[in-house]
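This report refers to the structure that appears directly beneath it.
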Number of protein chains: 2
Amino acid sequence: MTERRAPRARATTLVKRTEILHAATTTFGAKGFKNGPLTEIAEQVGMTHAGILHHFGSKDQLLLEVLKLRDAEDVADLEGAHIPEGVELFRHLVRTAFANEARPGIVQAYAVLSAESVTDDHPGRPYFEERYRTLRQEIVDAFTSICVERGLTTPHTLGLAAASILAVMDGLQVQWLLTPDDVQLAEASAFAIEAIAARALSPQELPLDLGSARASAAPRA
Amino acid sequence: MTERRAPRARATTLVKRTEILHAATTTFGAKGFKNGPLTEIAEQVGMTHAGILHHFGSKDQLLLEVLKLRDAEDVADLEGAHIPEGVELFRHLVRTAFANEARPGIVQAYAVLSAESVTDDHPGRPYFEERYRTLRQEIVDAFTSICVERGLTTPHTLGLAAASILAVMDGLQVQWLLTPDDVQLAEASAFAIEAIAARALSPQELPLDLGSARASAAPRA
DNA sequence: TACAACTTACTGACAAGTCGGTAAGTTCTG
DNA sequence: CAGAACTTACCGACTTGTCAGTAAGTTGTA
């Protein structure tokens with residue numbers, strides 16, 4: 001936006017880099033990584049694409065730094081506070097879902113990029129593999145700590161529950177991006193998280209009795 | 001795989017078209033729509049890319065027919081049986097999850113394409129919007145029919161539950177594709193569906209009490 | 001302070017490759 | 001022969017990355 005007449009070299013560079021990273025988030029969110037041209041990112045920050053490459057070396061490297069940036073900012077948002085433990089982690093997840101409704105850009109970038117990352121030799125793949133593994137573990141730990149607190153034996157379904165919680169949050173984002181009027185991102189996230197946690201922590205009656213469905217798979221191979 | 005020296009024109013054409021559609025599913029699944037080149041699809045069926053264009057007119061059109069094909073095949077799998085109603089629909093969803101573990105190609109195609117469809121002017125977008133709307137409605141109807149059957153008043157959370165169920169199935173697919181060893185696609189799907197349905201149909205105690213998290217959203221705008 | 005040596009942050013032009021689509025011609029088949 | 005099913009050849013558009021050059025700032029030094 002505003003022109004900066006570099007007072008200090010080092011500081012200005014950092015600002016420019018962050019500006020580029022945010023522009024890249026926008027473009028990758030709007031068009032995906034492979035189809036988000038460097039030119040479009042460049043013109044958002046008043047530069048040529050060669051300038052971007054000067055800063056980041058390659059498009060792949062730019063993607064990796066875009067992904068790292070969000071993590072850095074998310075941690076910054078916690079403002080030195082501890083990583084949430086126990087029930088606090090689930091509250092944090094729900095808060096995040098509510099906050100996400102106000103920043104569709106980043107939500108879209110993550111939704112698009114995480115799915116794109118499963119394609120052949122995608123440079124973001126290792127990042128997302130690691131990210132999901134870490135988040136699942138954090139959720140399992142939170143569940144475990146709740147069980148200890150409440151004197152429950154830890155169920156063997158915590159892994160399933162952890163994966164399901166992340167899955168529902170991601171999946172809801174896609175539906176929300178497609179039909180924002182039909183899907184309430186945060187409400188549904190809160191509902192589902194509570195449902196899955198309830199099931200994991202205190203397995204009660206099974207209103208659907210889906211057990212029989214497990215046995216027979218659909219015909220098509 | 002095997003070369004076909006067309007014996008009959010009309011019948012062969014249909015076969016060829018379906019063969020192309022399956023090849024396209026593979027390529028779009030592996031590389032996405034925008035980055036899945038027609039050439040790659042063409043060589044899978046022993047053709048040049050111009051041959052594909054001869055059959056489908058444009059790449060966009062090919063995508064739409066790829067998406068329609070799966071619906072057609074899924075319906076065919078039901079073999080003239082009714083669209084599942086009530087509890088049967090949920091059993092069908094779980095069966096599908098188990099069946100999907102055996103066909104990672106199609107799973108990946110849908111995971112990649114549905115997320116890609118939220119990008120700017122994506123030709124698959126209307127299809128996915130409609131698809132999710134329809135599926136959500138089917139699930140809501142199934143819930144409603146269960147409520148009627150059991151003499152329950154229909155909760156106002158059925159919409160949230162329906163979106164959540166679809167979300168968890170989609171989200172688990174992405175995690176499963178990224179780390180197949182860590183995530184059990186079908187088990188987790190069954191677990192989550194049961195959890196969400198339980199919560200929607202018989203809201204019991206809330207072990208997490210996440211209500212307070214709704215009020216305060218995270219700082220970042 | 002003054003000036004040289006060096007670094008940083010770019011631009012503009014270009015190379016090299018990819019891709020979708022079209023047009024025109026060829027082969028196959030009924 | 002007529003028309004469907006292609007192929008070959010090609011265009012135009014787009015992309016990433018490289019490279020040389022330039023303007024501006026920074027550092028070292030006397």
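Worth saying up front: this structure is predicted, and the values here are computed from it rather than measured. These numbers come from the heavy atoms of this one structure, side chains and all, not from hydrogens, waters or symmetry mates. Order of the sequence lines sets the chain letters (A, B, ...), proteins ahead of strands, with each chain counted from 1.
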Completion exercise
Sequence neighbours excluded, the answer for salt bridge (Lys or Arg N to Asp or Glu O under 4.0 Å) partners of B:Lys34 is none
Practice task
May I ask you to decide if the ring planes of B:Phe143 and B:Phe90 are parallel, tilted or perpendicular, using 30° and 60° as cut-offs?
Solution key: tilted
Practice task
Report, as a single string ordered 5' to 3', how protein heavy atoms within less than 4.0 Å touch nucleotides 15-22 of chain C: B base, S sugar-phosphate only, - not at all.
Solution key: ----SBBB
Practice task
Write down the distance between CD1 (A:Ile20) and C1' (C:dA9), rounded to a whole number of angstrom.
Solution key: 10 Å
Problem - Short N-O contact, B:Lys68 and B:Glu65, less than 4.0 angstrom - result: no
Fill in the blank from the handout: Smallest heavy-atom separation, B:Glu116 atom then B:Phe33 atom, equals OE1-N, 2.9 Å
Handout entry: Length of the CD1-P vector between A:Ile52 and D:dT18, whole Å
Key = 15 Å
Completion exercise
Scanning both residues in full, the closest heavy-atom pair of B:Ser117 with A:Leu178 reads OG-CD2, 3.6 Å
Exercise for the section: Would you tell me if any nitrogen or oxygen in the side chain of A:Thr48 comes within less than 4.0 Å of OP1 or OP2 on C:dG12? Expected result: no
Problem - Nucleic acid contacts - residues 108-116 of chain B versus DNA chain D, non-hydrogen atoms under 4.0 Å - result: none
Exercise for the section: Using only heavy-atom distances, determine whether the side chains of A:Tyr110 and A:Asn100 contain a donor-acceptor pair under 3.5 Å. Expected result: no
Exercise for the section: Would you mind reading off the distance between A:Met47 atom CE and D:dT16 atom P, rounded to a whole angstrom? Expected result: 16 Å
Practice task
Let me know the distance between CG of B:Leu14 and C1' of D:dA5, rounded to the nearest Å.
Solution key: 14 Å
Handout entry: Main-chain N/O of B:Thr18 paired to B:His22 side chain as donor or acceptor, under 3.5 Å
Key = yes
Practice task
Taking atom CD of B:Gln184 as the centre, report whether more than 12 heavy atoms of other residues, nucleotides or ligands fall under 6.0 Å from it.
Solution key: no
Completion exercise
The single option from A:Glu138, A:Arg136, A:Glu130 that satisfies side chain to side chain donor-acceptor pair (under 3.5 Å) with A:Thr134 is A:Glu130
Completion exercise
Between CD of B:Glu19 and P of D:dA5 the distance, given in whole Å, is 14 Å
Fill in the blank from the handout: Here the distance between atom P of C:dT29 and atom NZ of B:Lys16, to the nearest Å, is 13 Å
Practice task
Indicate whether OP1 or OP2 belonging to D:dA5 is found under 4.0 Å from a side-chain N or O atom of B:His54.
Solution key: yes
Practice task
May I have the distance from A:Phe28 (atom CZ) to D:dT15 (atom P), rounded to whole angstrom?
Solution key: 12 Å
